[in-house]
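Just so it is clear, the values below take in all heavy atoms, side chains as well, and ignore hydrogens, waters and symmetry mates.
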Amino acid sequence: MTTLTVPALSLVVLVGVSGSGKSTFAAQHFGPFETLSSDFCRGLVSNDVTSQDATAAAFDVLHHIAGKRLDAGLLTVVDATNVQPAARKALVALARAHDVLPVAIVLDVPEQVCLDRNAARADRSLPAHVVRRQRDQLRRSLRGLSREGFRTVHVLRGTDEVAAAVIERQPLRSDRRDERGPFDVVGDVHGCRSELETLLGTLGYLITRDAEGRPVDAVHPEGRRALFVGDLVDRGPDSVGVLRLVMGMVAGGHALAVPGNHEHKLVRALDGRNVQVSHGLETTLAELAQETDEFRAAVREFCDGLVAHLVLDDGRLVVAHAGLKEEFHNRASGRVRAFALYGDTTGETDEFGLPVRLPWADDYRGRAMVLYGHTPTPTATWVNNTMCLDTGCVFGGHLSALRYPEKELVQVPAERVWYEPARPFPTADDAPTTGAIPDAPRRDPDVLDVADVLGKRVVETGLHGRVTIAEENAAGALEVMSRFALDPRWLLYLPPTMSPCATAPDGDLLEHPDQAFDAYRDDVEAVVCEEKHMGSRAVVLVCRDADVAAARFGMPAGTTGAVHTRTGRPFFDAARTEALLDVVRAAAADVWGRVGRDGAPADWLLLDCELMPWSVKAEDLLRHQYAAVGAAARTALPAATAALDAASAAGLPVDELLARTRSRGANADAFAAAYRRYVWPTDGLDGVRLTPFQLLATDAGTYETRDHLWHLDLADALVAADRSGVLATTRRLVVDLTDPASRAAGVAWWHDLTSAGGEGMVVKPLANLVRGRKGLVQPGIKVRGREYLRIIYGPDYTEPQHLTRLRSRHLGRKRSLALREYALGLEALARLSAGEPLWRVHEAVFAVLALESEAVDPRL
């Protein structure tokens, strides 16, 4: 058996004469979609797999498909003869263009075997001289394949070796996705061994020393591991001491490391290459000259063996010395390594003789967190889910580490300035030494890049995986957002749509609580039934004062928050909005402290609410649609009834039509009564009611894991403290789904609500955020009353023939939409809480609005 190792992401080029068995080999060892056949591509473009006239077009197609697969990170196999250098050169170039490794597998089968196989083929006839020419080209190519750029070349000689071959897919050396941490990612050390010891001690590591008292390892009692971003050496006082400690930690399994440009240069110097001995390399070489040959060899082997970047924790974390663009993650090529070591530069130098670097992090949009060093900065800050941890210790700054996944910054100050920088280094003497990371710099908060939301988008969510936004839905959302919505700095969350319960199987009701209870019974034991208010969903952002509003959200003077609809539009003008915010702020006097952090009160609250009456937002809808329907029906039907009464009295056979018309008249009256419950006069805040029912977020974090009773108790505290009468409570009932009596009580409670004219109720898992057997559980299911549904489905929907038809409604798309929007909303809050830049928060918020354009029955 011959084992052929192939990188898990690579371009595998099969090389062999026609008849050598390439297609059979590919079918045995690779998936049906992994292999691209030149013959098949000829058939695609010409309907003839043997057409040599179609060769150029066929390879255009093959290269295009291969490129798309490699873009997607998929191993790709090219099944063609590939015996000509020009054909292989194009494929090597394709691999390099997509930063993957090209691998050649040569099937060197005897010429007579190939001739016999071709002669036996019924689908084509290949002349013997063509096979002999290919065989000659193959023999002349064998020695030069490595020089052509193939990273790995496997040659299988004879049919026995081909038959015995086994393919073993190896992850790239950068692929450490199974390593999940926790990690302590350490910035550029540059020979500052003493500061490194102090930092490791602060992080909780226990340092091991050799007989001479030198640190040779460090172990964290909780199993954490350090992760060094490179530039361990040069400039500082003890590069050898740093190497000895880090090499020991890596060898002991207590640390990982990537190389920096200084390690790269050190290896070349140790190899005797012609390098410029400057920028501190001279001190490292002088230190190493005092060490043994064995130690120098170990240093050389260690530095040379480091992988340019690492992808960790299922792809959530990427570490590279100078950072790494998303398209380079888990790729292997010379330019990927160069970027990881040196970053993106213009090729120019500044007035200090240093390279002019391009700010790649400003345009980063990747899912993975990227931690790096290389370019010293006085303060470690987040820039688009990336952070530079080189805080200039050797220049008198700090040595920094980031705890992952906690995202906590830990720093120790430099003991002194060890090396004078070429460019003045602005030390941050008053920078925090531990704790929260300063707010990230971001693009102009008044401007969002339209490219962030245009076209087909895929948004990663922590709770529901990838959510795809169609291009046409994004276009519709962009119009709404740009023309009608609030300033995006204040638009932190959009509520999800809500699915109704399954249709009641019989009776005169379309919706019934039993179906909602049944939907949850396999995943939760208890639910909370909340009164569904007769209003509009409202999100309220309220700040403690104008200073917080200006500093945190960039709000203008006199603005202390926002009140917006579930499509991001403001409910009121500025004056009325501020009056409502004053009400909420005054009622929250005792709440700020309950939801603060580390004993400090919260600076802002983000609340999910219902705002009543419905006519505050939907007056035009009520007046021009519902009222118009009701008025027309109540004008026409009495006259029709009177005429039919007269006809019946005259003995005409109109009794059935008369009964139906009277029923329609009663239905029209019920329809008018139903929508009128949602209309009452308001003047300023007089008549306005706001019912908070969930705290979404504060500057201290998010609260989706708190049960609904906690949220409702907090809302009750606001209502109790309100002196204006604007805030209203949400009635609720907890139902034990395992107790028939409790379920019956829930049904009775719903009947009481709806018979009194209420809209219905929302059934939610008591625990709030729940993962069930099949993934994320619906956050809420609405059960609407019989008369409210008359507004939705029309005055006559209760007629038996219409109820029968409506019972066949399909809820699958609505339920899917509700879950996707729910996950996106929570993703926006998580990004907000993590201090991510505005575009990241807005990406998820915008996606919720875009999904609202999906083709789902609006009556559901």
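For Tyr372 and Trp360, the ring centers are positioned less than 6.0 Å apart.
Proximity of Val240 to Glu291: side-chain heavy atoms (C-beta onward) are separated by under 4.5 Å at one or more points. At a threshold of 4.5 Å between non-hydrogen side-chain atoms, the residues His321 and Asp188 count as touching. Looking only at side-chain heavy atoms (C-beta outward), Leu769 and Leu776 come within less than 4.5 Å of each other. Residues Pro7 and Gln170 are not in side-chain contact: their nearest non-hydrogen atoms beyond the backbone lie 4.5 Å or more apart. Residues Val319 and Phe183 are not in side-chain contact: their nearest non-hydrogen atoms beyond the backbone lie 4.5 Å or more apart. Side-chain atoms of Thr386 and Val383, non-hydrogen and from C-beta on, do get closer than 4.5 Å to each other. The shortest side-chain heavy-atom distance between Tyr493 and Leu832 does not fall under the 4.5 Å cut-off. Val412 has its side chain out of reach of Leu196: every pair of non-hydrogen atoms, C-beta onward, lies at least 4.5 Å apart.
At distances below 3.5 Å, at least one donor-acceptor pair connects side-chain atoms of Glu263 with backbone N or O atoms of Leu232. Here the side chain of His309 pairs no donor or acceptor atom with the backbone of Phe339 at under 3.5 angstrom. In this structure a side-chain-to-backbone donor-acceptor pair under 3.5 Å is present from Arg331 to His98. Of the possible polar contacts, one joining the Asp545 side chain to the Asp547 backbone as a donor-acceptor pair under 3.5 Å is found. No side-chain donor-acceptor contact under 3.5 Å links Glu704 to the backbone of Leu826. Glu827 places no side-chain N or O within donor-acceptor distance of the main-chain N or O of Leu463, the cut-off being under 3.5 Å. Side-chain atoms of Asp598 never come within 3.5 Å of backbone atoms of Ala600 as a donor-acceptor pair (strictly under, hydrogens ignored). Side-chain N or O atoms of Arg296 include one that pairs as donor or acceptor with a backbone N or O of Leu288 at under 3.5 Å.
By the ring pair (Phe, Tyr, Trp, His ring centres under 6.0 Å) test, Tyr419 is found to be paired with no residue, residues two or more places apart in sequence or in another chain being considered. The ring pair (Phe, Tyr, Trp, His ring centres under 6.0 Å) search around Phe302 returns none, not counting sequence neighbours. When the ring pair (Phe, Tyr, Trp, His ring centres under 6.0 Å) test is applied to His262, the partners found at least two apart in sequence or on another chain are His190.
Around the CZ atom of Arg466, the shell of radius 6.0 Å holds no more than 12 heavy atoms that belong to other residues, nucleotides or ligands. Atom CZ of Arg151 is surrounded by 12 or fewer heavy atoms from other residues, nucleotides or ligands within 6.0 Å. Atom CD of Glu327 has more than 12 neighbouring heavy atoms from other residues, nucleotides or ligands inside a 6.0 Å radius.
Checking Ser400 against Gln411 by side-chain atom types alone, a donor-acceptor pair falls below 3.5 Å. The closest side-chain donor-acceptor pair between His279 and Asp234, if any, does not fall under 3.5 angstrom. Side-chain contact of Tyr342 with His264: a donor-acceptor pair under 3.5 Å is present, judged by distance alone.
Ring orientation note: the planes of His329 and Tyr364 are tilted relative to one another, at an angle of 30° to 60°.
In this structure, Arg244 forms a cation-pi arrangement with Phe295, its terminal cationic atom sitting closer than 6.0 Å to the ring centre and no more than 45° off the ring axis.
Checked for salt-bridge contact, Glu843 and Arg365 miss the test: no charged N lies under 4.0 Å from a carboxylate O. Salt bridge annotation for Glu222-Arg224: absent, with no cationic side-chain nitrogen under 4.0 angstrom from a carboxylate oxygen. In this structure, Arg403 does not pair ionically with Glu406, as no charged nitrogen and carboxylate oxygen lie closer than 4.0 Å. Salt bridge annotation for Arg316-Glu460: absent, with no cationic side-chain nitrogen under 4.0 angstrom from a carboxylate oxygen. The existence of a salt bridge linking Asp238 and Arg193 is confirmed by a sub-4.0 Å separation between a basic side-chain nitrogen and an acidic carboxylate oxygen. Using a cut-off of 4.0 Å between Lys/Arg side-chain N and Asp/Glu carboxylate O, Arg597 and Asp699 are scored as not salt-bridged.
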Stepwise side chain to side chain contact (heavy atoms under 4.5 Å, CB included) test for Val299 and Leu266: CA-CA 9 Å; Val299 166; Leu266 175 60; 4.1 Å; yes
Residue pair Leu200, Met249: steps toward the side chain to side chain contact (heavy atoms under 4.5 Å, CB included) verdict: CA-CA 11 Å; Leu200 290 173; Met249 294 179 70; 4.1 Å; yes
Step-by-step side chain to side chain contact (heavy atoms under 4.5 Å, CB included) determination, Arg176 to Val307: CA-CA 11 Å; Arg176 305 291 288 271; Val307 185; over 6 Å; no
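Between atom CE of residue Met369 and atom CG of residue Asp313 there is a gap of 9.0 Å, rounded to the nearest 0.5 Å.
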